[in-house]
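Report on one structure; see the data block that follows.
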Amino acid sequence: MLKIEGLTAEIDGKQILKGIDLEVPTGEIHAIMGPNGSGKSTLSYVLAGREGYEITGGTATFNGLDLLSMEPEERAAAGVFLAFQYPVELPGVGNANFLRTALNAIRRSKGEPEVDAMQFLKLARARMKELSMPEDMLKRGVNVGFSGGEKKRNEVLQMALLQPGLAILDETDSGLDIDALKIAADGVNAMRGPNFSSLVITHYQRLLNYIVPDRVHVLMNGRIVQSGGPELAKQLEESGYTAVQAA
Amino acid sequence: MSVLFEPGPEGFLRRYEGLNARLPGHRTPWVTALREQAAKAFREQGFPTRKIEAWHYTDLNLLARSGFAEALTPVDEDVALPEATAPQRVVFLDGRFRADLAETPDSGIPVRSLGANLSAAEGLLGGVAKLDEVPMAALNTMLFEDGALIDLPAETNGGAIELLSIIQSGERPVAVHPRHVIRLGKGASLVLIERAIGRGDGRYLHNPVVEIVLEEGAHLTHARIQQEGPAGLFLSTVFAKAAAGATYDSFLLHAGAKLSRSEAYVSLDGPKAMAHLNGAQLLSDGQHGDCTTFLDHAAPDCASRQTVKTVLAGKSRGVFQGKIHVHQIAQRTDGYQMNQALLLSDQAEIDSKPQLEIYADDVKCSHGATVGELDEDQLFYLRARGIPAATARSMLIEAFLQEAVDAVEEETARNALATAVAGWWEKVA
Ligand SMILES: Nc1ncnc2c1ncn2[C@@H]1O[C@H](COP(=O)(O)OP(=O)(O)OP(=O)(O)O)[C@@H](O)[C@H]1O
Ligand SMILES: [Mg+2]
């Protein structure tokens with residue numbers, strides 16, 4: 001279970017997270033919606049361990065582990081996965097090499113044997129087929145020259161390969177065409193289970209038709225201002241955030 | 001440790017006076033005249049100092065302070081050889097040609113010992129070297145004992161050859177001045193992997209000079225791999241000229257040595273000649289690496305490409321100086337120069353000095369330079385996938401260098417370079 005209490009964080013002296021309280025019980029999928037600049041990506045970065053944020057208060061634990069005191073790779077090893085809103089390009093780093101290094105790093109930390117190049121290819125090919133990704137994407141530099149949608153699919157592929165316990169999807173739906181959206185949603189739904197939880201950040205109710213969340217939270221100005229069931233997303237779609245603010 | 005040999009230029013001039021009656025070619029007038037001319041040029045110039053503009057960033061104090069002698073290696077000394085990077089190989093041990101260690105196919109190998117075949121090098125040896133401008137080349141010419149002589153007839157393909165130089169070092173500082181002379185006849189082609197390896201951790205000077213003449217349409221791939229010992233001083237000079245339609249495709253790798261400086265003087269003399277002056281420097285704590293090139297576009301319709309990448313760790317210092325001179329006659333020159341440095345520590349320092357002098361009006365010349373550290377966002381992306389910080393850093397350093405190596409088109413040379421850089425990033429990440 002992911003448990004965030006009173007989390008405050010700033011960047012360059014500017015407070016972005018102003019006291020986040022959020023619990024995602026194991027096995028559940030929660031959605032976070034909220035206007036541009038409200039702090040959604042900041043929250044996901046802080047949970048994944050990106051540098052540059054000053055945590056000024058509060059706690060964040062995952063299955064009892066104090067995330068905020070861990071290195072990013074330790075959090076990943078503990079099962080935290082962030083699908084980036086803006087996946088980073090790594091020129092000169094082959095996608096296959098990257099994916100295999102990541103997979104083996106995670107496996108090593110779990111005490112599982114590493115996969116060799118052949119085993120990896122088999123695994124990756126199977127997952128890529130499910131996501132209808134062309135195989136040549138393995139040979140290219142990580143995200144280099146990938147279209148917006150291809151980058152997002154590459155994030156979903158990484159999730160599918162690394163099998164995290166907590167997936168934070170930061171606008172993974174933005175940039176995906178309708179078919180890709182379904183495919184990506186299927187990828188997430190396939191992971192649903194008693195040991196998987198997810199935090200799905202999105203601007204669009206549409207995604208939540210495919211990934212039906214257990215709870216929906218509204219993040220505004222660094223705080224969760226409203227929480228509810230899946231119907232809350234539909235309400236927001238109709239009335240916008242100004243109504244929430246007024247409420 | 002006491003100084004056994006007189007330091008400075010005087011020391012070398014004294015060696016020359018003592019040795020010149022025994023050096024190869026001492027009974028051949030054109031050779032002795034060339035050596036005399038070189039001695040005069042060296043006496044007048046001495047070692048370059050930082051007062052000279054082109055030497056502003058590289059200090060030869062270490063060289064000037066030490067005294068050096070010749071290697072006294074027995075002619076049949078046993079030596080362990082690294083795996084060859086090309087199907088043909090010749091070996092120089094402490095500067096001496098070792099025919100017994102060569103790997104020669106049945107068809108023979110187009111390499112001879114220069115020291116033993118000086119008469120075949122008449123007109124070639126000293127033909128391209130600029131003794132009055134390059135004191136290290138003058139020093140080499142004054143004292144060289146051996147080297148490779150490659151003279152490929154027109155329209156022949158010499159295949160791929162490794163030219164391996166091993167220098168053993170210990171208590172007694174030695175100086176080795178190999179001289180390689182290469183001519184590719186019209187339409188001939190060759191892949192040359194010139195590799196310098198140091199054994200032992202003593203001080204020594206390796207001062208190779210390579211003279212290259214490419215006749216019309218000839219094609220030379222020249223990979224230079226410097227893997228000297230930790231106290232080695234590597235000062236190397238290439239003089240190359242390319243006739244019409246010829247290609248000089250070179251890649252310089254500085255991976256070892258305490259101090260290394262490689263100069264290349266390349267002249268595109270005929271229309272549609274082409275030069276690649278690429279390179280990479282891998283510098284760890286305490287190392288100094290300097291890649292300096294002078295490129296002359298002296299004919300129309302020529303092209304040049306230069307990408308030099310330097311990675312600096314610890315307290316190291318890197319230098320890139322790239323001068324491109326486009327003569328008035330060199331219309332429609334197409335030149336590209338890029339130098340990039342990756343600084344892995346606050347104490348590392350890079351000086352880069354691109355210099356474009358363009359006297360023709362119809363030219364396309366672009367150049368750029370970047371200096372940076374590892375990208376934080378890229379590092380975080382890798383670490384967020386569970387990859388430990390050191391591995392992530394090492395992957396990004398590898399990626400930076402890989403790009404440079406991948407640009408080498410010829411496969412044998414590319415593989416040799418890839419092997420030479422492989423794993424370096426793990427040591428500095
Ligand atoms: N280095 C910085 N210095 C100052 N402000 C910053 C810095 N980085 C981010 N911010 C601000 O933090 C706020 C929250 O940004 P964040 O990316 O978390 O928003 P978001 O909710 O993900 O928005 P979007 O829906 O557009 O993705 C924004 O106002 C942004 O401008
Ligand atoms: Mg965002």
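Quick note on labels: first sequence line is chain A, next is B, and so on, each numbered from 1.
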- Query: Using a heavy-atom distance cut-off of less than 4.5 Å, which residues of residues 415-429 of chain B contact chain A?
  - Reply: none

- Message: Side chains of A:Tyr86 and B:Asp377: any donor to acceptor distance under 3.5 Å?
- Response: no

- Query: Can a salt bridge be assigned to the pair B:Arg383 and A:Glu74 using a cut-off of 4.0 Å between side-chain N and carboxylate O?
  - Reply: no

- Answer key: most heavy-atom pairs under 4.5 Å with chain A among B:Gln402, B:Glu403, B:Gln378 is B:Gln378

- Is it the backbone or the side chain of A:Pro164 that comes under 4.5 Å from a heavy atom of chain B, or both, or neither? neither

- Query: Is it the backbone or the side chain of A:Ser109 that comes under 4.5 Å from a heavy atom of chain B, or both, or neither?
  - Reply: neither

- Could you grab the distance from atom CD of A:Glu89 to atom OH of B:Tyr381, nearest 0.5 Å is fine? 10.0 Å

- Query: Got a sec: does the CD of A:Glu114 have more than 12 other heavy atoms crowding it under 6.0 Å?
  - Reply: yes

- Query: For B:Arg385 and A:Ala83, which heavy atoms make the closest approach, and how far apart are they?
  - Reply: NH2-CA, 4.2 Å

- Task: Please state whether the side chain, the backbone, both or neither of B:Ala392 comes within less than 4.5 Å of a heavy atom of chain A.
- Result: neither

- Within 6.0 angstrom of A:Glu51 CD, more than 12 heavy atoms from elsewhere: no

- Task: For the residue pair B:Ile387 and A:Phe98, establish whether any side-chain heavy-atom pair is separated by less than 4.5 Å.
- Result: yes

- What part of A:Arg50 gets closer than 4.5 Å to chain B, counting heavy atoms only: side chain, backbone, both or neither? both

- Task: Among the options A:Leu90, A:Val93, A:Asn104, A:Leu99, pick out the one with the most heavy-atom pairs lying under 4.5 Å from chain B.
- Result: A:Leu90

- Message: Just checking B:Lys315: does its NZ atom have more than 12 heavy atoms from other residues, nucleotides or ligands closer to it than 6.0 angstrom?
- Response: no

- Task: Can you see which heavy atom on A:Pro72 is nearest to which on B:Ala384, and at what distance?
- Result: CB-N, 4.4 Å

- Message: Around atom CG of A:Asp136, are there more than 12 heavy atoms from other residues, nucleotides or ligands closer than 6.0 Å?
- Response: yes

- Heavy-atom pair with the smallest gap, counting every atom of A:Pro91 and B:Ala399: O-CB, 3.4 Å

